[in-house]
*Asks:* 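Provided herewith is a single structure, encoded as structure tokens, for subsequent inquiry.
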Amino acid sequence: MAKFIYTTFGTRDVLQGIQAKHKNRNIYLAIDNDDQDRFQLIEATDDENSPFASGTTYEVLDTEETDNSNDLRGWMQWSYIILNEDESDAFVRRYRLFVEEHAATTGLLSSFLLHVPGTFDYAILTTWTTHAAAQVFAKQRASFFDRYTGLNSSRYNLREKQFSFSALTK
């Protein structure tokens with residue numbers, strides 16, 4: 001069965017309104033760590049229908065969850081990248097080996113390899129017990145993405161974003 005992660009962005013008030021309309025779904029509100037006025041709604045589900053009128057649909061290609069909770073929690077580290085068809089298979093293999101090698105990393109809750117269907121857009125979402133745990137792992141994460149930086153960075157449009165879940169929200 002396919003699994004999806006849905007995201008959308010906006011103000012706290014607008015997103016909390018969307019969240020309230022879908023109380024039967026596990027939709028979480030998160031805050032952008034770089035901009036406390038920017039928010040994200042996120043849902044991990046096997047439901048093929050997004051609860052959001054606009055946003056991004058990610059198909060989960062691979063996942064590693066340390067406690068099999070099948071839930072989103074913790075501090076989120078997003079890495080976004082654009083890959084052509086020839087590069088995507090090698091990237092998926094490298095990701096799987098990397099995750100296998102680092103699955104027991106202290107503080108790592110889960111890792112998701114994501115793809116936006118019908119595009120060349122991929123993302124890796126890792127969730128951590130704390131921001132500090134993710135920072136300890138930053139060097140290993142950077143080494144995984146080394147070949148996509150430097151002179152190649154404009155070709156791959158590699159970028160990163162961090163979010164933490166908003167207090168007192170579902």
Side-chain angles (χ1 to χ4, degrees), residues 3-16 18-20 22 25-46 50-52 55-82 91-92 94-116 121-146 148-149 153 156-170:
K3 186 171 179 180
F4 301 92
I5 291 182
Y6 301 112
T7 64
T8 193
F9 300 90
T11 64
R12 177 190 291 266
D13 291 342
V14 169
L15 296 182
Q16 284 179 326
I18 293 169
Q19 198 176 26
H22 300 283
R25 297 179 77 151
N26 290 322
I27 299 172
Y28 300 98
L29 182 67
I31 301 171
D32 184 327
N33 283 26
D34 295 327
D35 181 351
Q36 298 295 301
D37 293 324
R38 188 164 185 245
F39 294 85
Q40 173 192 55
L41 281 183
I42 183 168
E43 177 190 37
T45 182
D46 57 6
S50 172
F52 311 132
T56 305
T57 297
Y58 295 99
E59 182 177 6
V60 177
L61 300 180
D62 197 61
T63 185
E64 177 71 33
E65 298 168 270
T66 58
D67 62 2
N68 295 316
S69 68
N70 205 23
D71 197 10
L72 292 169
R73 57 195 171 86
W75 188 83
M76 293 183 286
Q77 170 72 46
W78 287 86
S79 300
Y80 307 95
I81 191 166
I82 297 173
F91 182 80
V92 169
R94 285 187 67 241
Y95 165 83
R96 288 181 174 145
L97 290 171
F98 184 77
V99 167
E100 186 177 302
E101 181 180 335
H102 297 287
T105 298
T106 301
L108 178 64
L109 296 171
S110 59
S111 180
F112 300 89
L113 175 60
L114 310 171
H115 177 242
V116 179
D121 296 341
Y122 290 81
I124 293 177
L125 168 61
T126 53
T127 62
W128 299 87
T129 53
T130 64
H131 177 257
Q135 291 305 105
V136 169
F137 190 71
K139 189 174 184 176
Q140 290 90 338
R141 183 178 56 252
S143 72
F144 176 81
F145 286 110
D146 263 354
Y148 308 105
T149 61
S153 61
Y156 296 107
N157 196 22
L158 178 65
R159 58 217 183 277
E160 295 191 348
K161 207 71 181 137
Q162 298 82 32
F163 287 88
S164 53
F165 289 99
S166 181
L168 304 175
T169 62
K170 186 175 177 182

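Throughout, numbering of the chain's residues begins at 1 and tracks the sequence.
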*Asks:* More than 12 non-hydrogen atoms from neighbouring residues, nucleotides or ligands closer than 6.0 Å to CD on Glu100, yes or no?
*Replies:* no
*Asks:* Any heavy-atom pair between the side chains of Gln40 and Met76 that's under 4.5 Å?
*Replies:*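 They are in contact (side-chain heavy atoms under 4.5 Å apart), so the answer is yes.
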*Asks:* Any side-chain heavy atom of Leu29 within less than 4.5 Å of one from Phe39?
*Replies:*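 Touching, per the 4.5 Å side-chain cut-off.
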*Asks:* Backbone N or O of Ser111 within a donor-acceptor pair of the Thr63 side chain at under 3.5 Å?
*Replies:* yes
*Asks:* Does His22 use its side chain to pair, donor to acceptor, with the backbone of Pro51 at less than 3.5 Å?
*Replies:* yes
*Asks:* Answer yes or no: is there a donor N or O on one side and an acceptor on the other, between the side chain of Thr130 and the main chain of Ala133, under 3.5 Å?
*Replies:* yes
*Asks:* Could you check if a side-chain atom of Ile42 sits within less than 4.5 angstrom of a side-chain atom of Ile5, using non-hydrogen atoms only?
*Replies:* yes
*Asks:* Going by side-chain contact (heavy atoms from CB on, under 4.5 Å), name the residues that satisfy it together with Leu158, two or more places apart in sequence or in a different chain.
*Replies:* Ile81, Phe145, Tyr148, Thr149
*Asks:* Consider only side-chain N and O atoms of Tyr122 and Ser79, and report whether a donor and an acceptor are under 3.5 Å apart.
*Replies:* no
*Asks:* Rounded at 0.5 Å granularity, tell me how far NE2 in His102 sits from OG1 in Thr106.
*Replies:* 12.5 Å
*Asks:* Between Phe137 and Trp128, how do the two ring planes meet: parallel, tilted or perpendicular, split at 30° and 60°?
*Replies:*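 Plane angle between 30° and 60°, so tilted.
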*Asks:* Which value, rounded to the nearest 0.5 Å, describes the distance between Phe4 atom CZ and Thr57 atom OG1?
*Replies:*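 The CZ atom of Phe4 sits 8.0 Å away from the OG1 atom of Thr57.
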*Asks:* To the nearest 0.5 Å, what is the distance between CG (Leu72) and CD (Glu43)?
*Replies:*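 Rounded to the nearest 0.5 Å, the CG-CD separation comes out at 9.0 Å.
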*Asks:* Can you check side chain to side chain contact (heavy atoms under 4.5 Å, CB included) on Ile18 and Leu41, steps first, answer last?
*Replies:* CA-CA 9 Å; Ile18 293 169; Leu41 281 183; 3.7 Å; yes
*Asks:* Apply side-chain contact (heavy atoms from CB on, under 4.5 Å) to Ala123 and list each qualifying residue two or more places apart in sequence or on a separate chain.
*Replies:* Tyr58, Trp78, Tyr80, Leu114
*Asks:* Taking only residues two or more places apart in sequence or in another chain, which ones pass side-chain contact (heavy atoms from CB on, under 4.5 Å) with His131?
*Replies:*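 Partners of His131 by the side-chain contact (heavy atoms from CB on, under 4.5 Å) criterion, ordered by chain and then number, come out as Asn33, Trp75, Gln135.
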*Asks:* Output all residues satisfying side-chain contact (heavy atoms from CB on, under 4.5 Å) with Arg38, sequence neighbours left out; order by chain, then residue number.
*Replies:*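 side-chain contact (heavy atoms from CB on, under 4.5 Å) check on Arg38 returns Phe9, Asp32, Asp35, Lys161, Phe163.
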*Asks:* Can you list everything that forms a ring pair (Phe, Tyr, Trp, His ring centres under 6.0 Å) with Phe52? Sequence neighbours excluded, please.
*Replies:* none
*Asks:* Is it true that Tyr156 and Phe91 have ring centroids separated by less than 6.0 Å?
*Replies:*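 Ring centres of Phe91 and Tyr156 not closer than 6.0 Å.
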*Asks:* Counting C-beta onward and ignoring hydrogens, is there a side-chain heavy-atom pair between Ile124 and Tyr95 closer than 4.5 Å?
*Replies:*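 In contact.
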*Asks:* Do Leu125 and Gln77 pass the side chain to side chain contact (heavy atoms under 4.5 Å, CB included) test, and can you show the C-alpha distance, the side-chain angles, and the key distance before you say yes or no?
*Replies:* CA-CA 6 Å; Leu125 168 61; Gln77 170 72 46; over 6 Å; no
*Asks:* Would you please name every residue forming a salt bridge (Lys or Arg N to Asp or Glu O under 4.0 Å) with Glu160, sequence neighbours left out?
*Replies:* Arg141
*Asks:* Less than 3.5 Å apart, any donor N or O on the side chain of Ser110 or Thr127 sitting next to an acceptor on the other?
*Replies:* yes
*Asks:* Taking Gln19 for its side chain and Ile27 for its backbone only, find out whether a donor-acceptor pair lies under 3.5 Å.
*Replies:* yes
*Asks:* Would you say Arg25 and Thr45 make side-chain contact, with heavy atoms under 4.5 Å?
*Replies:*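 Yes - at least one pair of side-chain heavy atoms lies under 4.5 Å apart.
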*Asks:* Looking only at heavy atoms, which two atoms of His115 and Asp121 are closest? And how far apart?
*Replies:*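 Here His115 and Asp121 meet closest at CD2-O, 3.2 Å.
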